[in-house]
Amino acid sequence: MTRRTMNPTIQEPRTGSVPAVTRRPNTVLIVLYLSLGGLSFAVLQSLVAPALSTIGSDLGVSTSDASWVLTAYLLSAAVLTPVLGRLGDMVGKRRMLIVVLSLLLVGTVLAALAPNLGVLIIGRALQGAAGAIMPLSIGVVRDELPRDKVGVTIGLLSAIFGVGAGVGIVAAGPIVENLSWHWLFWLPAVLVVVALLGVIFGMPESPVKKPGRLDLPGAFILSVSLVSLLLAISEGENWGWGSAGTIGLLALGVVALAVFVFVELRAKEPLVDMRLMKIRGVWTAHIVALVFGFAMFGTFVLVPTLLQLPTATGYGFGESVSSAGLFLLPTVVMMVIFGPVAGILVRKVGPKPPMALGGLFVVAAFLLPAISHGELWQIVVSGILTGAGIGLALASTSNAIIESVPATQTGEAISVNTVARTIGSSIGTAVIAALITSNSTPQGLPLDDAFTIGFWVCAGVAVLAVVGALAAPSMKKRREQAAALGIDDLPDEADELHLGQRHES
């Protein structure tokens, strides 16, 4: 079978003169390697945040200066994800996975050995370049796995990215308390090594490619836009939201983004095909990803902060950094469970219902503590609902994308979705941090109102995810659009039976 796509492409047929049994890769191992790579990247995204003060103290810099280890990672991921995702579509996803995992490994080792803040920031920037792991991994799954397994596997990979972020928050305290902050990087490096060796020696090159030239002008303009926007969002609290620097960067980011769209619409080989943004199944998935990025990191800021406040405040729970992180475990577990569940639901009813259900779960997850958060059970139930909602929604957005775009454009489409989630998480972190700061005592102790308002804000934002999901096309409409675009790799019952028999043979 050969896929039909909108654009000419070089691709090997799935079947041919070489017997299938000799060409068929071990899909279980492929999923394992991709999962380890994604997990290590996601863990590194959040693992450093709880340890910023420790790192700053050890390196002799302020916590504000140490926060650049987060900013550098974020900026690098946002800028390089669409570029490397597009290169994966062009030259091969396995080849680019080797590149990004190698950068991740070098950056992680460099950060672990860093003698000063400058070296640590460089290491973190190299780690951020691995943001393309997500789109590249989903592209590999779409190209290599039987169609009936694609949805569930994408659900698992999507959940792992959320799980990794949660694991980072949970594990940071025990690692720093019992070892040192350097081990925040040594431990994930082990996962990266296994994933890299697996991709090199155990994964074939994906057959679907779209040769062309990289759109360098588009990449530069997009980089200016994303760096400006994310830098303003990340540093707005320190610089002042009304400062000339913050407002100027936000304005530059918006203008550059408008110029990027203008340039891409006229480019012969654009970095991001703006025609994809017109597809309802695509832009609705981006909205949902943006909102859930906000909600996920809103949880990671609000819950640990509330739990660690002293009981003398009347609303804090007096937990240590380590024990507070453990309260995020129900969220992580539910992500692992509901990510694959979303994949099953997508195959049965399409991405729209699980996206909407995930949105409703997260709305409920924030409404509960917004109304009352004086008991630990309320925090736990909120975490369970959050994990279930994120697992359902983020897995469904990835599946919605691949059901809406040709196989040759999987990398660039998922890259945009990943960037949307990154921007959402940055906005969520900045907004919640600003709310906590503005509702604190002169000594810097957050008031109870800070959490009440924060939970209400997250609940309100989560409603936008429900609206975005409801605006998504139905399963029937999505398949009609896919047929019009020449996408013929969507599973149906007859196909699943046929492919299952063929792969068993």
Side-chain angles (χ1 to χ4, degrees), residues 24-48 72-73 76-77 79-114 119-120 122-145 153-154 156-165 167-168 171 175 182-209 410-411 414-415 418:
R24 181 59 51 191
N26 188 320
T27 55
V28 174
L29 288 179
I30 286 178
V31 174
L32 174 63
Y33 302 143
L34 296 178
S35 299
L36 289 176
L39 180 65
S40 58
F41 173 80
V43 166
L44 285 164
Q45 182 179 12
S46 60
L47 193 64
V48 177
Y73 185 92
S76 177
V79 169
L80 293 177
T81 294
V83 174
L84 296 174
R86 176 73 179 95
L87 284 173
D89 287 337
M90 290 168 53
V91 304
K93 302 173 185 71
R94 171 183 171 273
R95 184 176 300 175
M96 292 313 302
L97 269 172
I98 292 173
V99 171
V100 298
L101 285 170
S102 298
L103 289 173
L104 182 60
L105 180 59
V106 172
T108 303
V109 172
L110 188 63
L113 296 172
V119 174
L120 180 57
I122 293 172
R124 290 288 288 172
L126 289 172
Q127 292 171 24
I133 287 178
M134 178 69 161
L136 292 171
S137 296
I138 289 178
V140 169
V141 168
R142 185 179 187 181
D143 294 348
E144 294 295 338
L145 268 63
T153 305
I154 289 176
L156 175 63
L157 291 177
S158 299
I160 282 174
F161 272 75
V163 166
V167 167
I175 290 174
H182 297 278
W183 285 92
L184 297 174
F185 303 107
W186 284 125
L187 294 177
V190 176
L191 299 180
V192 180
V193 169
V194 175
L196 178 58
L197 292 176
V199 172
I200 292 173
F201 298 108
M203 185 181 296
E205 183 57 78
S206 296
V208 181
K209 300 177 185 177
T410 303
I414 296 292
S415 294
T418 303

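Reckoned from all heavy atoms, side chains included, excluding hydrogens, waters and symmetry mates.
Under the 4.5 Å side-chain criterion, counting only non-hydrogen atoms from C-beta, Phe185 is not in contact with Leu113. Proximity of Thr108 to Gln127: side-chain heavy atoms (C-beta onward) are separated by under 4.5 Å at one or more points. Between Leu29 and Met203 there is no side-chain heavy-atom pair separated by less than 4.5 Å. You'll find the side chain of Ile133 reaches within 4.5 Å of the side chain of Leu104, heavy atoms only.
Within the 3.5 Å criterion, the main-chain N or O of Pro188 finds no donor-acceptor partner in the side chain of Ser40.
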CA sep, side-chain torsions, deciding dist, call: Val31, Leu145, side-chain contact (heavy atoms from CB on, under 4.5 Å)
CA-CA 9 Å; Val31 174; Leu145 268 63; 4.0 Å; yes
Val83 vs Val79, test: side-chain contact (heavy atoms from CB on, under 4.5 Å). Steps then yes/no.
CA-CA 7 Å; Val83 174; Val79 169; 5.5 Å; no
Could you walk me through whether Leu87 and Arg95 pass the side-chain contact (heavy atoms from CB on, under 4.5 Å) check?
CA-CA 9 Å; Leu87 284 173; Arg95 184 176 300 175; over 6 Å; no
Could you walk me through whether Val140 and Arg94 pass the side-chain contact (heavy atoms from CB on, under 4.5 Å) test, one step at a time?
CA-CA 7 Å; Val140 169; Arg94 171 183 171 273; 5.6 Å; no
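Qualifying side-chain contact (heavy atoms from CB on, under 4.5 Å) partners for Leu196, counting only residues two or more places apart in sequence or in other chains: Ile98, Leu101, Ser102, Leu105, Ile200. A search for side-chain hydrogen bond (donor to acceptor under 3.5 Å, both in side chains) contacts involving Arg86 returns nothing, not counting sequence neighbours. In this view, Tyr73 and Phe41 satisfy the ring-ring contact (aromatic ring centres under 6.0 Å, His included) rule, not counting sequence neighbours. Scanning for side-chain contact (heavy atoms from CB on, under 4.5 Å) contacts around Leu110 gives Val119, Ile122, Leu126, with sequence neighbours left out. Taking the side-chain contact (heavy atoms from CB on, under 4.5 Å) definition, one finds that Ile160 meets it with Ser35, Leu39, Leu156, sequence neighbours left out. In this view, Ile154 and Ile138, Val141, Val150, Ser158, Ser398, Asn399, Ile402 satisfy the side-chain contact (heavy atoms from CB on, under 4.5 Å) rule, not counting sequence neighbours. The side-chain hydrogen bond (donor to acceptor under 3.5 Å, both in side chains) search around Ser415 returns none, not counting sequence neighbours.
Here the closest non-hydrogen pair linking Ala132 and Val100 is CB-CG1, 4.3 Å. The minimum heavy-atom distance linking Gln45 with Arg124 is given by the pair O-NH2, 4.0 Å. Shortest non-hydrogen contact noted between Ala125 and Ser76 is O-OG, 2.6 Å. Closest non-hydrogen pair, Thr418 versus Gly131, comes out as CG2-O, 4.2 Å. Between Ile30 and Pro204 the shortest heavy-atom distance is CD1-CD, 4.1 Å.
A distance of 12.5 Å separates OG1 of Thr153 from CD of Glu144, quoted to the nearest 0.5 Å. With rounding to the nearest 0.5 angstrom, the CD1 atom of Ile175 is 5.0 Å from the CG atom of Leu47.
Remark: Trp186 CH2 is packed, more than 12 non-hydrogen atoms of other residues, nucleotides or ligands lying under 6.0 Å away.
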